[in-house]
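Side-chain atoms are counted along with the backbone in the values below, which use heavy atoms only and exclude waters and symmetry mates.
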Amino acid sequence: QQVDKWRVAQRIASNYTGRAYEDPAVNWTRTTYVQPQVLLWDRFLYDQDEHKWTVDKFLTDLQQRYGGVDSVMLWPSYPNMGIDNRNQWDLWRAAPGGL
């Protein structure tokens, strides 16, 4: 009961309406069931010797291993976040081709 009261209070305090879930631009998230979280420097995604992105190789591997995926979340910050003063956007900019 206390948790319910707390939730109501938080919704009121944050002006939460739930409208974000009604936005057609994010409806794709409702059917994204298989979404690997991929390090930006995954060796199937980027060839460091050739200095090029290998998206086709990456997607082929996903198809072979999992039968395909619904979407991919690229994760540029792990394991680099915190080793220097760069933030997530700096790490995106540092990737080959940048933002």
Side-chain angles (χ1 to χ4, degrees):
Q1 205 172 28
Q2 288 178 336
V3 171
D4 290 338
K5 289 180 183 179
W6 176 84
R7 287 179 179 164
V8 169
Q10 295 307 307
R11 287 185 186 123
I12 292 168
S14 65
N15 294 317
Y16 177 79
T17 64
R19 285 192 192 122
Y21 294 102
E22 298 168 8
D23 184 348
V26 297
N27 279 344
W28 65 270
T29 62
R30 294 179 184 183
T31 57
T32 296
Y33 302 109
V34 180
Q35 181 190 60
Q37 298 177 4
V38 180
L39 295 177
L40 198 55
W41 308 111
D42 185 290
R43 292 181 184 190
F44 283 88
L45 183 58
Y46 185 76
D47 185 326
Q48 293 186 7
D49 295 329
E50 297 289 324
H51 302 285
K52 68 178 187 178
W53 295 102
T54 53
V55 176
D56 289 339
K57 176 184 176 182
F58 176 76
L59 293 175
T60 297
D61 177 64
L62 290 177
Q63 182 66 36
Q64 290 172 350
R65 281 200 279 170
Y66 306 117
V69 297
D70 298 312
S71 61
V72 174
M73 184 181 92
L74 295 176
W75 194 5
S77 55
Y78 183 83
N80 300 313
M81 189 64 79
I83 63 169
D84 56 26
N85 64 352
R86 294 180 296 172
N87 62 32
Q88 64 176 333
W89 303 113
D90 295 331
L91 294 169
W92 273 111
R93 284 187 283 275
L99 273 175

Distance (rounded to the nearest 0.5 Å) between Met73 CE and Leu39 CG: 9.5 Å
Leu40 versus Trp92: any side-chain heavy-atom pair under 4.5 Å? yes
Is it possible for you to say whether Phe44 and Tyr66 belong to one hydrophobic cluster, with membership spreading through side-chain heavy-atom contacts below 4.5 Å? yes
Can you find a pair of side-chain heavy atoms, one from Leu62 and one from Val72, that are under 4.5 Å apart? yes
If two hydrophobic side chains count as joined below 4.5 Å and joins carry through other members, does Val55 share a cluster with Trp41? yes
Euclidean distance, Asp56 CG relative to Asp61 CG, rounded to 0.5 Å: 12.5 Å
Can Trp53 be reached from Leu91 by stepping across I, L, V, M, F, W or Y side chains whose heavy atoms are under 4.5 Å apart? no
Spacing of CZ belonging to Arg11 relative to CH2 belonging to Trp6, to within rounding of 0.5 Å: 9.5 Å
Can you see which heavy atom on Glu22 is nearest to which on Arg30, and at what distance? N-NH2, 4.3 Å
Quick one: closest heavy-atom pair of Asn85 and Asp90, and the distance? O-OD2, 4.4 Å
Within the structure provided, determine whether Gln2 and Lys5 are in side-chain contact (heavy-atom separation under 4.5 Å). no
Should Leu59 and Val34 be counted in the same cluster of Ile, Leu, Val, Met, Phe, Trp and Tyr side chains packed under 4.5 Å apart? yes
For Arg93 and Asn87 the tightest heavy-atom approach is NH2-OD1, 4.3 Å
Nearest atoms (heavy-atom pairs only) where Ser71 meets Pro36: O-CD, 3.2 Å
Taking every heavy atom of Lys52 against every heavy atom of Tyr46, the minimum-distance pair comes out as O-CD1, 3.3 Å
Looking only at heavy atoms, the pair that brings Arg43 and Lys57 closest together is O-NZ, 3.9 Å
Between the main-chain N or O of Gln35 and the side-chain N or O of Asp70, is there a donor-acceptor pair closer than 3.5 Å? no
